Amino acid sequence: MATSPEIGRIVDAIRARRRFVLSSHARPDGDSIGSQLAMAYALKALGKEAAVVNVDLAPPPLLQFPGVADIRVAPEVVGDFDAGIIMECGDVSRTGVAGLEKFFLINIDHHPGNSAYGQINWFDATAAACGEMVFDLVRALGVPFTSEIATHIYLAILTDTGSFHYSSISPRTFDISKQCLEAGVDPVLVARNVYDSNNMGRLKLFGAVLSAMQIDESGQIAIVYLDHEMARAAGGTYEDTEGLINLPLTVKEIQAVVFFKQIEGEEYRVSMRSKGDIDIGAVAKQFGGGGHKNAAGCTVTGAIDSLQRTFIEKIERAIDGRPADH
Ligand code: 5GP
Ligand code: MN
């Protein structure tokens, strides 16, 4: 188990307080949902009050997991709390939930570039998922490792490692996963619930987006694009694209993927993925975003053709291991 001085401080802060509000980033993923709910179950086991508040709904496949249906979806915190526990957010504004700043904040994150906005800041970029950190905290709190808590920790790890694909994986990842299975997690059921419970619109949308996929001149970068019109025509929604970005990487030659999703007009949400040592996080950072070496994102505005050219150029540099220039 990792020993960090912050864990002790967080344990003391939790013991001394009773009512907690938990939050994580907008458009929550498996790690944000799993980390928040594992923590919420642990707090409840200690006799504390724990409300989870997110600005966006959990992705539909995750609604089948324990406690997810009870997450409050709201743009602001209502009610009084003794502390806020914010997971997975480089800054509190990433929650999209107003009113959290006024509480005593415990900031738990594994993304490089955390702004240390909390009264306690626990940051560990070596964790493959925020769920790995929550595991250590649950153990340090002395709470029984129930199957609900273990399921959420495992969900966090499974999804944030891209089903055990990313370079952030360490022996600790498997040690924690082993303990999750020993606590009663059924890995086959979790994988089926996460990956095999889609609707037909999603499959058709995947087909449409992948048919329109482009490959750069080097043959190593896949460029995928989606706008509202394409989604409507395919009968799917933007939420249905979760996971799509990983598919081009299944082609041996493809080293990186960049996915442009139109928000409105010339504003685009950009998601990127890469293999091995290619630091896509550094690329996202140049555009005011962030993330990890193999998974990152940002929001940009401009003409799509020129945006695509710019990103391809930066990603080619990242593939060659050349330093970024501006
Ligand atoms: P996704 O492509 O799934 O939206 O994001 C991949 C990873 O990059 C996630 O770990 C996410 O937290 C991070 N990320 C995505 N967009 C942004 C952004 O705009 N700013 C920052 N700081 N991180 C981002
Ligand atoms: Mn994460």
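Numbering of ligands and ligand atoms starts at 1, following listing order. Source: prediction; values computed, not measured. Worth knowing before you read on, the calculation uses all heavy atoms, side chains too, and leaves out hydrogens, waters and symmetry mates.
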H110 backbone or side-chain N/O/S under 2.8 Å from the Mn ion (ligand 2)
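Checking the Mn ion (ligand 2) against H110, an N, O or S atom does fall under 2.8 Å.
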N, O or S of D29 under 2.8 Å from the Mn ion (ligand 2)
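For D29, the answer is no, given that no N, O or S atom comes within less than 2.8 Å of the Mn ion (ligand 2).
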Roughly, to 10 degrees, what angle do D160 atom OD2 and D31 atom OD2 form around the Mn ion (ligand 2)?
80°
Measure across [X] and [Y] and return the closest heavy-atom pair with its distance rounded to 0.1 Å.
X	Y	result
E88	D109	CA-OD1, 3.3 Å
A127	R172	CB-NH2, 3.9 Å
V283	A318	CG2-CB, 4.0 Å
K275	I254	NZ-O, 2.7 Å

Derivation of the salt bridge (Lys or Arg N to Asp or Glu O under 4.0 Å) call for K293 and D279
CA-CA 4 Å; K293 189 155 80 176; D279 190 357; over 6 Å; no
Find, among atoms of E88 that are N, O or S, the one nearest to the Mn ion (ligand 2), and state its name.
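Closest to the Mn ion (ligand 2) among those atoms: OE2.
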Distance under 4.0 Å, heavy atoms only, partner ligand 1: which residues pass?
R27, R94, H111, R269, S271, R273, G289, G290, G291, H292, A295, A296, G297, C298
Positive for ring-ring contact (aromatic ring centres under 6.0 Å, His included) with F260, one of F311, F287, Y225
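When F311, F287, Y225 are each tested with F260, the ring-ring contact (aromatic ring centres under 6.0 Å, His included) holds only for F311.
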Report yes if some heavy atom in the side chain of D56 is under 4.5 Å from a heavy atom in the side chain of P28; otherwise report no.
yes
Going by an N to O cut-off under 4.0 Å, is there a salt bridge joining R232 and E229?
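Salt bridge between R232 and E229, a charged N being under 4.0 Å from a carboxylate O: yes.
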